[in-house]
Amino acid sequence: MIIPSIDLMDGQAVQLVQGRRKVLEAGDPRPLAERFGRVGEVAVVDLDAALGRGSNAAVMAELCEIAPCRVGGGIRDLERALEWLDRGAVKVVLGTAAVPEVLEGLPRDRVVAALDAWEGEVVVKGWTKRTGRTVYEGMRELSGLAGSFLVTFVEGEGKEGGFPRDQIAPLVEAAGTSRLTVAGGVTTAEEVAWLDRAGADAQVGMALYRGNLGLAEAFTAPLRSERADGLWPTVVCDERGGALGLVWSSPDSVRTAIDEGIGVYHSRSRGLWRKGATSGAAQELLRIEADCDRDALRFAVRQAGPGFCHEGDWTCFGPAQGLRKLEQTVKSRRARAVPGSLTSRLLEDGEFLRGKLVEEAGELGEAASTARHGETSADRHGEAVADGHGEALTDRVVEEAADVIYFLTVALERAGASLADVEEELDRRSLKVKRRVASEPKGASDG
């Protein structure tokens, strides 16, 4: 698949030829990251740091909040790599620091080992220093330590002249279980599709910026369809992953969706269909993903209005349930206060809400503590408790947790936030490598 690339110099997006001569200035990288992030991970390279003449760390950190970024450039030791993983990078790209003693201290699946090659020889320090090693030797040395390899054909970087196809199969084989990404010279949608079939991703910069390769064309190039009309079945999901419905996509609808950042699909009766254009149930496009077989798509969207279904339900499979239903109920109370409603009062009275949150959290803590201390050895080994006491304790924890989640949902609505925002925050925290140390609650005794 396509990995769009953003190279940074002096806080701006640029493109260099062979890593030496600046030929293009693309301006503010933030809009680029927002658009590129709609199709997956974005490669962000700090050229100033790579060349040892400055840093774009502040801008890179912002980009990590906008899109899922694999960041590189000037990351030359373990501490710096860990810092970027903790700052929200989905992956770190290491060149000079791609050595066993550094990679052994990092989570394998979040490491991209960059083997930049000038005519087959690995070069480091911003492509300025030759190492005497071949790419294959570098792969063997780092086998099992990196989840991905990035091989850049430096002689073709920024020149849009293609890449040496005869080298790809041996490189994919040498990469083994690690995913291969190829950069340097990739220019056409056909090349992106060819690389995908060969088992590699394509990292592209210059061709995207100059308009010689469209982002949507690059993204859809590896896709296939068993239909005569070439359409792809598309599952539409909300931002929390719940399926809203099944639609169809075409190259034109995907292009429009990516360009406009909204939910756009193919209607077999009316052609291009911008969801919500007349009903108000519009969608903000978050990302598009292809399935493993490259014959179906998933759109993640932020749904507005009553829902996705033309009959007024949240999904085409019926009304919302669970936490989504709770959220909708709370939101409706904010839009239209109901006399005597607990939710309406909680939304209006912050002090009352605070008291209920503290009260219910305490009751959940008590229930959880009781359930834990009430376990028998049979409980701990997963055996049934004959008198049902353990089951009753579990039921109480569930009931108290439901109370806490209800009041939490009200608190989020009152603050203009949502459960999806909480999930995004949890996802961001999961990227951290340095874990928080467990500590005793305030007032706990050492005994």
K.L.:
Compute both the distance and the angle, then confirm whether Arg287 meets the cation-pi test with Phe299: under 6.0 Å from the six-membered ring centre, within 45 degrees of the axis.
P.N.:
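No; the conditions do not both hold, so Arg287 does not lie above the ring face of Phe299.
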K.L.:
Among side-chain atoms of Arg255 and Thr220, is any donor-acceptor pair under 3.5 angstrom?
P.N.:
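Looking only at side-chain atoms, Thr220 and Arg255 do not form any donor-acceptor pair under 3.5 Å.
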K.L.:
Taking NZ, NE, NH1 and NH2 as the nitrogens, is one of them in Asp86 or Lys432 under 4.0 Å from a carboxylate oxygen of the other?
P.N.:
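Result for this pair is no, no salt bridge flagged.
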K.L.:
Describe, in one word, how the ring planes of Phe308 and Tyr265 are oriented to each other, choosing from parallel (under 30°), tilted (30 to 60°) and perpendicular (over 60°).
P.N.:
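Perpendicular.
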K.L.:
Angle between ring planes, Tyr209 versus Phe36, binned at 30° and 60°: parallel, tilted or perpendicular?
P.N.:
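Judged by the thresholds at 30° and 60°, the geometry between Tyr209 and Phe36 is perpendicular.
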K.L.:
Show every donor-acceptor pair shorter than 3.5 Å between a side-chain atom in residues 418-425 and any protein atom, with sequence neighbours excluded, or say none if there are none.
P.N.:
from, atom 1, to, atom 2, distance (Å)
Ser418, OG, Ala420, N, 3.3
Ser418, OG, Asp421, N, 3.3
Ser418, OG, Asp421, OD2, 3.2
Asp421, OD2, Ser418, N, 3.0
Glu423, OE1, Arg240, NE, 3.3
Glu425, OE1, Arg428, NE, 3.3
Glu425, OE1, Arg428, NH2, 3.0
Glu425, OE2, Arg429, NE, 3.0

K.L.:
Within the side chain of Arg80, is there an N or O that forms a donor-acceptor pair under 3.5 Å with the backbone of Ile75?
P.N.:
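No, because the side chain of Arg80 does not come within donor-acceptor range (under 3.5 Å) of the backbone of Ile75.
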K.L.:
Give me the one residue out of Arg35, Arg38, Arg274 that meets salt bridge (Lys or Arg N to Asp or Glu O under 4.0 Å) with Glu260.
P.N.:
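Only one of Arg35, Arg38, Arg274 forms a salt bridge (Lys or Arg N to Asp or Glu O under 4.0 Å) with Glu260, namely Arg274.
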K.L.:
Is it true that the NZ or CZ of Arg227 lies under 6.0 Å from the centre of Trp248's six-membered ring and within 45 degrees of the ring axis?
P.N.:
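The answer is yes; both the distance and angle limits are met.
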K.L.:
For a quick check under 3.5 Å, do Thr177 and Arg108 share a side-chain donor-acceptor pair by atom type?
P.N.:
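Their side chains do contain a donor-acceptor pair, which is all the 3.5 Å distance test asks for.
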K.L.:
Spell out, as yes or no, whether a donor-acceptor pair under 3.5 Å connects the side chain of Ser369 to the backbone of Gly365.
P.N.:
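Answer holds: no.
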K.L.:
Distance-only check: which donor-acceptor pairs under 3.5 Å involve side-chain atoms of residues 58-70, not counting sequence neighbours?
P.N.:
from, atom 1, to, atom 2, distance (Å)
Glu62, OE1, Arg30, NE, 2.8
Glu62, OE2, Arg30, NH2, 3.2
Arg70, NE, Glu41, OE1, 3.0
Arg70, NH1, Thr181, OG1, 3.4
Arg70, NH2, Glu41, OE1, 3.0

